Amino acid sequence: MTSTELRQSFLSFFEQHGHRVVTSSSLVPADDPTLLFTNAGMNQFKDVFLGRDRRDYRRAATSQKCMRVSGKHNDLENVGPSLRHHTFFEMLGNFSFGDYFKEEAIRLAWELLTGVWKLPADRLFATVFAGDEGVPRDDEAYGYWLRVLPAARIAELGKEDNFWSMGDTGPCGRCSEIHYFRGEHLPCAEPVCRGVACSCDRYVEVWNNVFMEFDRQADKRLVPLPAPSIDTGMGLERITAIMQNTLSNYDTDLFQPLLQTISRLAGRQYGGTMGPADVSSRVIADHARAMTFLIADGVLPSNEWRGYVLRK
Ligand code: SER
């Protein structure tokens, strides 16, 4: 499938399951001084989760433009050396505002990955929250995953991996990630690969299902949301790499035209290696996309704030 077909397939699947397909919001957050750039699909729904805004739908699906270059979610330093990180990327997401919760979110994710996209079930792993800082282990999510996965393929991790927050304050909750196993043949720098918790290329995180339950206050207290809700996010670039069977996001149809043009202009063929010229080519490809979308959303190079990030 092409990346365009995958994006459409994701949105159509959730539309068929009662979700309203909502347009991506701008990379410049509409009304949120806590955010430099839109960094997740849930940003445009923050006030809906908090109960301050209402929509005429309780289920939504989006393909959201995101930038992760500052604050809590910052991938800037990974861009170039990594084959799967970007400053700008598209996040596919489905959302429930007080409608379905963990059971249905896990069921839908499984159906799309294995039923519609036919990913081999034996390559999929899940993670759930192990319990930390007064928030208990996610027994419920663990139980739902056990319906489709053996216990050996369900990992329990702490708050770094399995408790998602938008920022220092605001909506947050335990989460469950889905990882795709690419194979033991890929290198891992650790003495013993840590599996889904490892940063090597053997396992790639494809989808994060957040079970939104709390509003974190400035004093760190967790106040329950008006209704338990769902916020999920899957990187279009990563799922495209998996579906197109390429190790690198940069070898997919999303990046190849850019890298071909960069190769032509540089007079040097991009080779996909960790060598400095290929790392630089990935940086240029990534940053060219980021700059284009930032400018399209009204940001101009300047000495301060958002414009300074673009200028850099
Ligand atoms: N908000 C969650 C994330 O960004 C799920 O979309 O990972």
Side-chain angles (χ1 to χ4, degrees), residues 7 10-11 13-14 19 21-22 24-25 27 29 32 34-50 59-76 78 82 84-97 99-102 104-106 108-110 112-113 125-129 135 138 141 157-180 196-197 199 203-216 222 225 228-239 249:
R7 186 194 296 109
F10 179 92
L11 296 173
F13 174 81
F14 283 101
H19 293 64
V21 175
V22 178
S24 171
S25 63
L27 283 169
D32 192 337
T34 70
L35 265 188
L36 186 63
F37 295 113
T38 297
N39 65 8
M42 54 74 64
N43 293 169
Q44 67 167 315
F45 304 116
K46 179 179 172 183
D47 283 345
V48 186
F49 288 120
L50 293 173
R59 297 174 174 213
T62 61
S63 178
Q64 174 66 49
K65 296 176 279 187
C66 294
M67 280 282 287
R68 290 199 164 171
V69 287
S70 64
K72 203 170 182 59
H73 301 285
N74 186 349
D75 288 328
L76 183 58
N78 290 321
S82 165
R84 59 171 194 264
H85 285 90
H86 309 289
T87 54
F88 167 85
F89 68 103
E90 273 182 79
M91 185 185 282
L92 303 170
N94 56 291
F95 306 91
S96 151
F97 311 113
D99 191 46
Y100 63 88
F101 199 41
K102 297 180 192 183
E104 182 70 351
I106 290 173
L108 287 168
W110 189 256
L112 179 59
L113 293 176
F125 288 66
T127 68
V128 299
F129 187 59
V135 181
D138 199 341
L157 303 175
K159 63 178 184 338
E160 294 304 322
D161 296 279
N162 283 113
F163 193 96
W164 197 86
S165 311
M166 180 180 142
D168 294 333
T169 58
C172 55
R174 292 173 284 192
C175 62
S176 181
E177 297 170 347
I178 303 171
H179 294 246
Y180 180 78
V196 293
S199 59
Y203 297 83
V204 57
E205 181 202 331
V206 277
W207 204 344
N208 188 16
N209 278 242
V210 184
F211 311 126
M212 286 292 187
E213 280 180 279
F214 310 108
D215 175 12
R216 192 188 291 282
L222 293 175
L225 290 177
S229 295
I230 291 293
D231 150 36
T232 88
M234 168 161 52
L236 174 68
E237 294 76 3
R238 286 191 187 181
I239 192 66
N249 294 2

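Note that the structure is predicted; figures quoted are calculated from it, not measured. Values reported hereafter were calculated over all heavy atoms of this structure, with side chains retained and with hydrogens, waters and symmetry mates removed. Start at 1 and go down the list; that is how both ligands and their atoms are numbered. Numbers for residues simply follow the sequence, beginning at 1.
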Ring centroid separation Phe10 to His19 under 6.0 Å: no
Pair Phe49 + Phe97: ring centers closer than 6.0 Å: yes
Side chain, backbone, both or neither: the part of Met91 lying under 4.0 Å from ligand 1 by heavy atom: side chain
Per-residue contact class, Asn209 against ligand 1 - non-hydrogen pairs under 4.0 Å: neither
Val196/Glu177 under side chain to side chain contact (heavy atoms under 4.5 Å, CB included): CA gap, chis, key distance, verdict: CA-CA 9 Å; Val196 293; Glu177 297 170 347; over 6 Å; no
Polar proximity ligand 1 side, Asp231 side, N/O cut 3.5 Å exclusive: yes
Within-cut-off N or O pair, Val210 and ligand 1, under 3.5 Å: no
Aromatic ring pairing His73/Trp164, orientation class (parallel under 30°, perpendicular over 60°, tilted between): parallel
Of the listed options Arg68, Met212, Met42, Glu177, closest to atom 4 (O) of ligand 1 (non-hydrogen atoms): Arg68
Which of the ligand 1 atoms, numbered from 1, are nearer than 4.0 Å to a heavy atom of Gly233: 5 (C), 6 (O)
Contact summary for Leu157 and Ala197, nearest pair of heavy atoms: CD2-CB, 4.2 Å
No-hydrogen, no-angle side-chain donor-acceptor test under 3.5 Å, Thr232 and Asn94: yes
Closest protein heavy atom to atom 7 (O) of ligand 1, given as residue, atom name and distance to 0.1 Å: Asn208 ND2, 3.0 Å
